[in-house]
Structure formats: structure tokens, C-alpha cells
Chemist: 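Dropping the structure in here first, questions after.
We name chains A, B, ... by the order of the sequence lines, and we start the count at 1 in each one. Here the structure is a predicted model, which is why all the values come from computation and not from measurement.
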Number of protein chains: 2
Amino acid sequence: MPEKFVNLKQLSECLGLSQTTVSRALNGFPEVSEKTRQRVLAAAAEFNYRPSPSATSLATGRTRVIGHVVPLSFHRMINPHFSDFMGGASEAYARAGYDMLIRVVREEEEESVYRDFARRNRVDGVVVHGPLVDEPRIPLLKSIGLPFVVHGRGGGEALDYSWLDVNSRGAFLRATEFLADLGHRRIALVNGLETMNFAHRRRQGYETGLAARGIDLDPALITSEDMVEPYGYRATLQFLALPQPPTAILFSSVLPAMGAVRALSEMGLRPGSDVSLLTFDDRLSFLQSGAASQSADIPFLTAMRSSIWQAGQRVAEMLIHQIESKSEDTVQELWEAELVVGRSTAPCKELSRSLAKEVS
Amino acid sequence: MPEKFVNLKQLSECLGLSQTTVSRALNGFPEVSEKTRQRVLAAAAEFNYRPSPSATSLATGRTRVIGHVVPLSFHRMINPHFSDFMGGASEAYARAGYDMLIRVVREEEEESVYRDFARRNRVDGVVVHGPLVDEPRIPLLKSIGLPFVVHGRGGGEALDYSWLDVNSRGAFLRATEFLADLGHRRIALVNGLETMNFAHRRRQGYETGLAARGIDLDPALITSEDMVEPYGYRATLQFLALPQPPTAILFSSVLPAMGAVRALSEMGLRPGSDVSLLTFDDRLSFLQSGAASQSADIPFLTAMRSSIWQAGQRVAEMLIHQIESKSEDTVQELWEAELVVGRSTAPCKELSRSLAKEVS
DNA sequence: CCCGAAATTCAAAGCGCTTTGAACAACACA
DNA sequence: TGTGTTGTTCAAAGCGCTTTGAATTTCGGG
């Protein structure tokens, strides 16, 4: 048996007031006397009154819903980086009284979906995920006037929209130099898909780092794929089979880095002492231990850290602020990743060996 | 510059028809002549007409949105099992023209949120995640008359609602017997949280399996926690430190099983030959390799397999069917997990040793 | 005690769609 | 020519809320 609900009309009849007054009392307008407001609030609570979202949004044009459009081909939903981001965002939405709407679309529908969203408010705004080096969604959204915040940046120089990004270039530059300073000369890069702008920037940082330390780029030491565990496993095995294997490997995510750990363990090699591993770490929640003791420990993997969960939270906040302030001005945030040294990096063995030789 | 859109009124004025006729032509009602329908369809396409979702849902009471309520405390969003399920569901929604709505709530709000959802349609139905042994949401949803499908089952015997579940009991029974038949007498269980009904059933299967093979239950060999990687790592180290360590370990998910692999590798032990590992495998997408070659291989972990992604898809389909058919009858599906033998299980060493002794 | 301003309250229109009940046209039949 | 039928179209009401512009009440001061 479905529950009984009162609507605004019934509520106002019970109170002997007009719908106008009741609506205003509920929405905190100033032109209603305090006495009436209290009466209305009490009655609303008693009858458990809730306004109908569709009616409200039809009347106001606002929905309190944020859209996330996910292209089918990317399968982003099933990617832990994506879902961690979404976890952070959804918590921020909850705090602000918003809902998250997810629409999976075929690539070619994407544009028309954004237009639909803009049309009399399916959502109040959208988050743009995983911008490409050349990102068409940004001009599109600007032209249709739908509020949006980008997680990452597009490739162009026109950054006149709101975004939040991690300084990928800087992080990979530092990481590369860090490894070079440990004596490594053959440093491999297990990158994400380089059509993604973030991966593109990571590569730039890596190349700049090598150049800064006078190391030649070796294309055989670079791979670019979707960041999953088996990818890291395969790439590592492949690198180790080279005539001149790398002594250090940089990873775009903890997932492929875990694959590398597996590969090394199968080959009887130890991370750190045998091959140095350094990874970008999005602080994926399901890999963090619940136990406090663990975090006090020296971490296993040396990593550039930046929480993607927090990024999701912040992007959501930025978008909600943009929507509610109705201001046209854009906000940009560039986060620095921290470089945390763990047990998976060590001075280059070959180098120490040759040093030892020199000394003796 | 925001785009221009036509609404139904403008469209019908252009056509010199009434809103009624246009609306009916668009929605495929029979009482409109074929000639007019074609004209209307053409005009709608030309002007790129899209009905306003809020207006439609205000008028019809249907929203084409499915709700997922996620308690904050569970942090399910950041759990790969959960997001894989959501990935499957969202694809099914997309195919049927539905959207997915996610609302993160504080535990104590949960009930009132469901009531709100039911109230004049915030959503057309909801999916119930992770039912507990004693699940209050089921009677609640039945009483408020909001369509729902449960992923899993509640603990009670009154199963008169729609659900889809994996036969956890059966799977863990088989797995336990399988290990016992390899000669293992000390089999540990790294279970999920046993307040969850699925974990409860897995434990039952495990206990039944032990009993069937005449093995006594040892509480020191059972743990119950959230299924993350570090949990498996810790649990394994803890087991191996026992005076009488287990020779085989059952895991509730690949994640803790991966932690176990890490632990073993650190101790210089090999899965299979030293300790047998057998895990429930939800076929988490981000752990599957994209390469076809890999799947032709013998898998590394011996596992009970059932795709949680497909479960999400199927649950979504069931719910949409329930909503669209408006029928009151419930549907239940119980899926069997397949037991796939990999390299992480082997006959019990101690047993072979004693057998060898006997022979000599 | 009355008047104008300020403080409250209200009736009604509108948001964009669906749907009811009636009107109208077309047609066959007597 | 009139009547009943069928096929098409329409005007208007309604979904539940917000908001405009007008009406009503309250109150301090002349």
C-alpha cells in the first residue's frame, strides 16, 4: 500500500493559508511573518511534506542534479580511477543536497546528449571527464551555456573555463630526475593512453626530465595503454626481455605497478634492489588499508601522490559553487603531487657496481 | 550564447495543429492519421524538438530514472565490486533509455530518502545493494510501493520480492570440498563482512564443506572484514604465523587474494606449491586483461567465477521490466558460480610427504 | 481617530507536458 | 436527405510548484 503524501495545496488548505505564503515560508523568503513561518514549518514536518522535484524544477528551471556523461567505448564506469573520483564527487553532492546522474552514451550521441541536458534542465551542470589532447566537448559546452567543470585540462592554450588538474608534467619531471639522481640511466615509462591529455603531459615531464639529466630517449622503453594491472605485468616482462633492460620503471598508476610487482616476483626479482619502481598514485581507496598502523609504515611503493577521490570532491564543489553563484567567472586549480619515497626505489645497481670497481 | 529550443506549444503552432495532436503523434498513439504523423515527425526533427523531462514527469508521474541509494558509511562507491556492478547496470539503463541516479546518504536518512523517492516520482525504481542478514529496506520498500530489485537476498525466508543472487553457499561448499579432496585439512577462510548476507552464506557453505569432509572448524582460521587488498595481506601473514598454519586459504574476493600473493611472495613462498589459494572471483573488469592471449592461458588463481558486471546488467533489466510491465509478480534468479582451476591450488604438501613416507 | 507606509497575505498566471471529453469531418448506409 | 459510425482533431483541465501584481492588514504619527 503506497504511502499518503500531501502536496502544497493540501498543506496550505490545512493551514488556512494560500499556497504562495506556504511556499514562501518554506523557502525562507523574508516577507512572511515569523509566527506564520513557524506554523507552516510545524505543519510541514507533521504531514511530512516534501515538494515534488519535477514540479519544482518545471517551475524554477533548476533540478539539483549534476550530470556525468560516460562514453560507452571508454568503459570508464569500470575503472577504479573513475569510480574513486565519482565517490568523492557524490559525497560532495550529498553534502550540498544534489544528486548525481549518470548517462552512458554511444560516442556519436555525446554531443546531442549535452544539448538535451542543457535544454530546459535535465541537469544543472556537468563534469567533463578525461579530456583529450584535442577536446571538442569544451567549446561545445561553452556554446550551449551549460555549466561545467573539467577534471583535467584540454590540450589547447585557451584555458578560459573551470578546471582542476594535477601538475602531471611537473610530477613526472621530478620523478624522472629523482630516478636519474639515483644513478639510473635506463628509465622506462609505462604510460596511460596518450590521447588523454594527462598522459600526454606526463610524457612531456618524463622527456624533459631525461633531457635535463642528459639521458637519451629510447622509444623501446615507452608504452602507452589503458592503466590496468595486466598491462603493467606484460610491459614489465617485455622490458626485462630487452637486450639492455631498464633499471627503473615509471608507472602511470598503481594498478600497472602492481602488475609489475607480480612480474618481478615471478622472475625472482625484488622491487627496489633489482629494479626500481616509481608510480603515480591516485590514492585509490580500495588499496588503502583501513588499519592505521600501515600508514605509519614506510610505504612499499615510491610514488607521486595525489588523491583522485579528493579531486572528485573538489570538482563537485567547484561546479556547485558555479551553479549557485551564477557567476560567469572561471576557476582553475592546479594541484601538486607529493613525492613520497618508499621501498621500491634504490640506487642503480649497475652504477654502484661500477663505482665499487672504481674504488677498489 | 544558449541554444534556442522549441517547446510543444511552439511546435504545434508552426504546424497549425493542437498540442494534443502533436503530442499524440510523437508518442505513437493510434488515433492520429499517418499523414499528420509524418508531418509532425519531420517538423520535430527539423526544429530538434525534445520534450522537457520535468514537464513530462510532472504530467505522467514517470521519470525514466533508476535510483541507487548509497549509505555514506559503506563507502561502496569506492569499492571495485560495487562500481563494476554499476557499470553493468548503467549500460543496461542506457540501452533502455533510462538514467542512473546516485544518492549518497547518511545511514539514518536512508529510510526517509526512499520515502522521498517514492513520493511523486523522483525515480521509477531502485536497486537494493548489499542486503544484510537482517534487511530492513525490503519490507520498507514493499510498504511504500516503490519498485525495486535486490542484488543478493535478505536473510529471512520470505523471498517474495525480485532478486538476483549468486549461490554463495553452494560455491563455497564446492570450493571447500575441492580443497579437502586435494588433501588439505587446515583450510582458512578470509571472508567478507559477515553482517552482509552473502558473506554469511559463504561461511555456511564453508562450514558445511568442512563438516562433509569430517574436518573440525578452527575459529583461528576464519576472518571477516571488508574485502580490500591489504586485508588479504594481513590475514595471510597472521595465518602463517600460527603454530599450525593453514595449507590452503579461501578468499571472498580477488582483492584480498592479491594481498595474499604479495604476502607469500615477501615470505618467499609460492602460491600453489607452498600454500593453496582459492578465491571467489567477481570478474572485476579492471583486472581482466584486454589481450585475448591471456584468457587462453591457464589462469593464475583457482576461482569460483561469476561476473558482477553481468549481474548489474541483469538486475537493471529486471527492474526496468518490472517498471514497464507494471506487473506485481516477482522474479528470482540464482546464478551458479563456475569453479575454474588455475595454478594457485595443488595437493597438500604435508599429505604428500606423509604419503611418500608411507610408501617408502 | 484617520492616513499613508510598511508588513503580510492572496488570487491567478505560468512552467511544458499529457489526457479527458467533446467537436468536427468524412463516409457508408438506409 | 438524414443517421449512425469511424476516424481525426481540438480546447481545456490538470500535474505541483513558483512568482507576479494586487489586496489586505497592521501600525506609528499627525
Side-chain angles (χ1 to χ4, degrees), chain A residues 2-41 43-44 47-65 97 116-122 124, chain B residues 2-41 43-44 47-65 116-124:
Chain A
E3 300 248 325
K4 261 209 62 181
F5 285 107
V6 293
N7 58 22
L8 186 61
K9 193 175 170 193
Q10 294 160 344
L11 184 64
S12 52
E13 276 165 4
C14 290
L15 284 160
L17 287 169
S18 73
Q19 293 189 41
T20 312
T21 308
V22 176
S23 168
R24 290 190 157 149
L26 258 22
N27 293 318
F29 280 63
E31 60 268 74
V32 57
S33 75
E34 201 48 41
K35 205 181 71 192
T36 330
R37 165 161 297 137
Q38 292 311 328
R39 257 183 72 214
V40 171
L41 257 29
F47 294 109
N48 192 31
Y49 167 77
R50 301 297 158 101
S52 144
S54 13
T56 308
S57 85
L58 181 57
T60 62
R62 306 240 356 268
T63 57
R64 299 192 81 80
V65 171
D116 276 16
F117 274 6
R119 159 175 192 70
R120 321 244 186 220
N121 336 97
R122 162 101 260 193
D124 291 343
Chain B
E3 301 249 324
K4 259 208 62 182
F5 285 107
V6 294
N7 58 23
L8 186 62
K9 193 176 172 191
Q10 293 159 345
L11 184 65
S12 52
E13 276 165 4
C14 290
L15 283 159
L17 287 170
S18 73
Q19 294 190 39
T20 312
T21 306
V22 177
S23 168
R24 290 192 159 149
L26 260 21
N27 292 319
F29 279 63
E31 60 269 76
V32 57
S33 73
E34 202 46 41
K35 206 180 70 191
T36 330
R37 165 161 295 136
Q38 292 310 328
R39 260 184 70 215
V40 172
L41 256 30
F47 294 108
N48 191 30
Y49 168 76
R50 301 298 159 100
S52 143
S54 12
T56 308
S57 86
L58 181 55
T60 63
R62 307 241 353 270
T63 57
R64 299 192 80 79
V65 171
D116 275 16
F117 274 4
R119 161 176 192 70
R120 323 244 185 220
N121 334 97
R122 162 101 264 192
V123 298
D124 291 344

Chemist: Expressed in angstrom and rounded to an integer, what is the separation of Arg24(A) atom CZ from dC17(D) atom P?
Modeler: 16 Å
Chemist: So Thr36(A), base contact, sugar-phosphate only, or nothing? Heavy-atom distance under 4.0 Å.
Modeler: sugar-phosphate
Chemist: Tell me which nucleotide among dC10(D), dG16(C), dT19(D) gets nearest to the side chain of Phe29(A).
Modeler: dT19(D)
Chemist: Whole angstrom is fine here: how far is it from NZ in Lys9(A) over to C1' in dC10(C)?
Modeler: 15 Å
Chemist: Whole angstrom is fine here: how far is it from CD in Gln38(B) over to P in dT8(D)?
Modeler: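 Interatomic distance, CD of Gln38(B) to P of dT8(D): 13 Å.
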Chemist: Which heavy atom of Ala43(B) sits nearest to which heavy atom of Leu15(B), and what is that distance?
Modeler: CB-CD2, 3.8 Å
Chemist: Please check the phosphate of dT8(C) (OP1 and OP2 only) for any side-chain N or O of Arg39(A) closer than 4.0 Å.
Modeler: no
Chemist: Looking for any heavy atom pair under 4.0 Å, which part of the strands does Arg62(A) touch: base, sugar-phosphate only, or nothing?
Modeler: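 No contact.
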Chemist: I want to verify a distance call: between dC10(C), dC17(C), dC17(D), whose nearest atom is closest to the Arg119(B) side chain?
Modeler: dC17(D)
Chemist: Both Leu17(A) and Arg50(B) contact DNA chain C. Taking the nearest nucleotide for each, which residue is further toward the 5' end?
Modeler: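 Its nucleotide being nearer the 5' end, the pick is Leu17(A).
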Chemist: Could a donor-acceptor pair under 3.5 angstrom be found where the side chain of Thr20(B) meets the base of dT19(C)?
Modeler: yes
Chemist: Considering only side-chain heavy atoms of Thr21(B), which listed nucleotide, dT18(C), dT9(D), dC17(D), is closest?
Modeler: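 Between dT18(C), dT9(D), dC17(D), the one nearest the side chain of Thr21(B) would be dT9(D).
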Chemist: Quick check on dG16(C): is either OP1 or OP2 less than 4.0 Å from any side-chain nitrogen or oxygen of Ser52(B)?
Modeler: no
Chemist: Return the value, rounded to whole Å, for the distance between atom CG of Asn121(B) and atom C1' of dC17(C).
Modeler: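 The answer, rounded to whole Å, is 14 Å.
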Chemist: Under 4.0 Å between any heavy atoms, over every strand shown, what does Arg37(B) touch: base, sugar-phosphate, or nothing? Just pick one.
Modeler: nothing
Chemist: Using heavy-atom distances to pick each residue's nearest nucleotide on DNA chain D, tell me which of Val32(B) and Thr60(B) is more 5'.
Modeler: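 Here Val32(B) is the residue nearer the 5' end.
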Chemist: How far apart are the closest heavy atoms of Arg122(B) and Thr63(A), and which atoms are they?
Modeler: NH2-O, 4.0 Å
Chemist: How long is the span from the OG1 atom in Thr60(A) to the CG atom in Asn27(A), to the nearest 0.5 Å?
Modeler: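 With rounding to 0.5 Å, OG1 (Thr60(A)) is 9.5 Å from CG (Asn27(A)).
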Chemist: Tell me: CG of Asn7(B) to P of dC15(C), nearest whole Å?
Modeler: 8 Å
Chemist: Just how far, in rounded Å, is P of dT8(D) from NZ of Lys35(B)?
Modeler: 10 Å
Chemist: Calculate, to the nearest 0.5 Å, the distance between atoms CZ and CD belonging to Arg39(B) and Glu34(B) respectively.
Modeler: 13.5 Å
Chemist: Shortest non-hydrogen contact from Asn7(A) to Tyr49(A)?
Modeler: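 What the structure gives for the nearest pair is C-CE1, 3.7 Å.
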Chemist: Roughly, in whole Å, what's the span from CG in Leu58(A) to C1' in dG14(C)?
Modeler: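 Rounded to whole Å, this separation is 9 Å.
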Chemist: At under 4.0 Å, does any side-chain N or O of Ser23(B) touch on OP1 or OP2 of dT18(C)?
Modeler: yes
Chemist: Please state how far atom CD in Glu31(B) lies from atom P in dT9(D), giving the value in whole angstrom units.
Modeler: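 Rounding to the nearest Å, CD of Glu31(B) and P of dT9(D) are 10 Å apart.
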Chemist: Side chains of Pro51(B) and Thr56(B), heavy atoms from C-beta outward: is any pair under 4.5 Å?
Modeler: yes
Chemist: With respect to the side chain of Ser33(B), which nucleotide from dT9(D), dT19(C), dC17(D) is positioned closest?
Modeler: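 Of the options given, the side chain of Ser33(B) lies nearest dT9(D).
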